[in-house]
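Following: one structure in structure tokens, then a few remarks.
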Amino acid sequence: MNKNDLEQNVEKKLVKINLGCGKVILPEFINVDSIELPGVNVLHDVNDLPLPFDDASASEIHCISILEHVDFVPLLQDLHRILTSGGSVEILVPHFSSPDAYRDPTHIRYFTAGSFDFFVTGHKRDYYFDFRFSNVSHKIQFEKRKLFFYNYALEWFVNLSHDMQSWYEKTPLRAFPAQGIKITLTK
């Protein structure tokens, strides 16, 4: 973030948005959902774009367990519009190997660790879209509890690098299903 961006951010109050919050209400965030639940600050359907936020008005946006329910490319483009320079989108989606990806009848998308790379400057196909983020990070997450004790080591191993994530997804190792993918996109 350059000095002018920083000065502009100090002048205008930037918001944090919890998009598609459901019952997970985050303090200090504007909690947005299409269902009127306790703690929801803004009632809005994410399929109705543009979202009711000004350009470059958010420093952080959380999209936890929502993008698998919608046509996410137009939504991602609108989130890019809303984010300030240097702002980030925190995303959690089910991994394609997870039974949870297929269990919910409202899911219309499944994801790999590389699904969001196409939206980042420098990707070999970054020309697909007319908006780009500057950086992406991804972590494949596994269900970790006593019954799945091996997932602790597997998660560490798979997330050593993006190449290892890709290798996991292309080999029989995915017989040990991942739970989700945590993505951070930075504008």
Side-chain angles (χ1 to χ4, degrees), residues 16-29 31-35 37 39-40 46 58-73 75-76 79-80 83 87-126 128 133-187:
K16 296 179 180 181
I17 301 168
N18 182 17
L19 195 62
C21 61
K23 294 181 178 181
V24 181
I25 303 303
L26 299 177
E28 300 181 21
F29 279 72
N31 296 282
V32 181
D33 206 282
S34 62
I35 300 172
L37 296 166
V40 171
V46 297
S59 61
E60 186 176 342
I61 302 172
H62 285 202
C63 296
I64 309 303
S65 301
I66 185 171
L67 296 185
E68 64 272 19
H69 297 275
V70 300
D71 182 6
F72 79 99
V73 174
L75 179 58
L76 208 54
L79 298 179
H80 186 272
L83 275 177
S88 64
V89 182
E90 300 289 332
I91 298 168
L92 182 62
V93 292
H95 189 267
F96 76 88
S97 68
S98 170
D100 292 337
Y102 303 93
R103 183 176 293 129
D104 188 332
T106 64
H107 288 183
I108 62 172
R109 297 263 186 268
Y110 313 111
F111 298 89
T112 72
S115 293
F116 292 87
D117 293 353
F118 291 81
F119 303 98
V120 179
T121 301
H123 184 271
K124 63 184 175 185
R125 293 194 182 102
D126 67 0
Y128 278 8
F133 291 89
S134 66
N135 190 39
V136 63
S137 68
H138 12 64
K139 180 180 180 185
I140 297 177
Q141 299 178 323
F142 291 80
E143 186 174 358
K144 294 184 289 295
R145 54 186 177 142
K146 202 179 273 190
L147 180 62
F148 302 113
F149 62 91
Y150 49 84
N151 278 345
Y152 290 91
L154 186 58
E155 183 172 295
W156 170 82
F157 178 71
V158 166
N159 289 302
L160 285 173
S161 70
H162 191 42
D163 287 340
M164 290 300 293
Q165 293 170 343
S166 181
W167 179 78
Y168 160 78
E169 293 175 341
K170 293 175 183 174
T171 67
L173 191 58
R174 72 174 185 267
F176 297 95
Q179 186 172 24
I181 310 166
K182 183 180 179 188
I183 308 288
T184 303
L185 291 167
T186 305
K187 183 172 178 183

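In this text the structure is predicted, and so the values were computed from the model without any measurement.
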Exercise. Taking atom CD1 of I35 and atom SG of C21, what is their separation to the nearest 0.5 Å?
Worked result: 9.5 Å
Problem set entry | H138 side chain reached by F111 side chain, heavy atoms, under 4.5 Å | no
Exercise. For V70 and L75, which heavy atoms make the closest approach, and how far apart are they?
Worked result: CG2-CD2, 3.9 Å
For this session: Locate the shortest heavy-atom distance separating S97 from A178; write the atom from each residue and the value.
Result: OG-N, 2.9 Å
Exercise. Which atom names give the shortest non-hydrogen contact between P27 and I25, and what distance separates them?
Worked result: CD-O, 3.7 Å
Exercise. Distance from L79 atom CG to S88 atom OG, nearest 0.5 Å?
Worked result: 11.5 Å
Problem set entry | Closest non-hydrogen atom pair, Y168 against L173 | CE1-O, 3.5 Å
Exercise. Roughly how far, to the nearest 0.5 Å, is the CG atom of D71 from the CD1 atom of I108?
Worked result: 6.5 Å
Exercise. Where do I66 and G20 come nearest, in terms of heavy atoms and distance?
Worked result: CD1-CA, 3.5 Å
Exercise. Should V93 and F72 count as side-chain neighbours, where that means a heavy-atom distance under 4.5 Å?
Worked result: no
Problem set entry | Separation between CD1 of I61 and NE2 of H80, rounded to the nearest 0.5 Å | 10.5 Å
For this session: Assert yes or no for the condition that the ring centre distance of F142 to F157 is strictly below 6.0 Å.
Result: no
For this session: Step through it carefully: locate the ring centre of F29, locate the ring centre of H62, and say whether they are under 6.0 Å apart.
Result: yes
Exercise. Under the 3.5 angstrom rule, does the side chain of S98 hit a backbone N or O of G180 as a donor-acceptor pair?
Worked result: no
Exercise. Is the side chain of K187 donor-acceptor paired with the backbone N or O of G87 at a distance under 3.5 Å, no angle test?
Worked result: no
Exercise. Any side-chain heavy atom of R174 sitting closer than 4.5 Å to one from F96?
Worked result: yes
Problem set entry | Closest heavy-atom pair and its distance - C63, V89 | SG-CG1, 4.1 Å
For this session: Answer yes if the side chains of D104 and T106 hold a donor-acceptor pair under 3.5 Å, and no otherwise.
Result: yes
Problem set entry | Distance in Å, D117 CG paired with R125 CZ, rounded so as to fall on 0.5 Å steps | 11.5 Å
Exercise. Just checking, any donor-acceptor pair under 3.5 angstrom between side chains of H107 and D100?
Worked result: no
Exercise. Is there any side-chain hydrogen bond (donor to acceptor under 3.5 Å, both in side chains) pair reaching into residues 148-159, and which pairs are they, with sequence neighbours excluded?
Worked result: K139-E155, K144-E155, N159-Q165
Problem set entry | Stepwise side chain to side chain contact (heavy atoms under 4.5 Å, CB included) check, L76 with L185 | CA-CA 10 Å; L76 208 54; L185 291 167; 4.0 Å; yes
Problem set entry | Separation of E60 CD from T184 OG1 (nearest 0.5 Å) | 9.0 Å
Exercise. Is a side-chain N or O of E169 found less than 3.5 angstrom from the main chain of T112, in a donor-acceptor match?
Worked result: no
For this session: Would you check if I140 and H95 make a side-chain contact, meaning some heavy-atom pair closer than 4.5 Å?
Result: yes
Problem set entry | N31 side chain near L26 side chain, heavy-atom distance below 4.5 Å | yes
Exercise. So, D33 side chain and G22 main chain: donor-acceptor pair closer than 3.5 Å or not?
Worked result: yes
Exercise. Under the side chain to side chain contact (heavy atoms under 4.5 Å, CB included) criterion, do V24 and I64 qualify, and how do the steps go?
Worked result: CA-CA 9 Å; V24 181; I64 309 303; over 6 Å; no
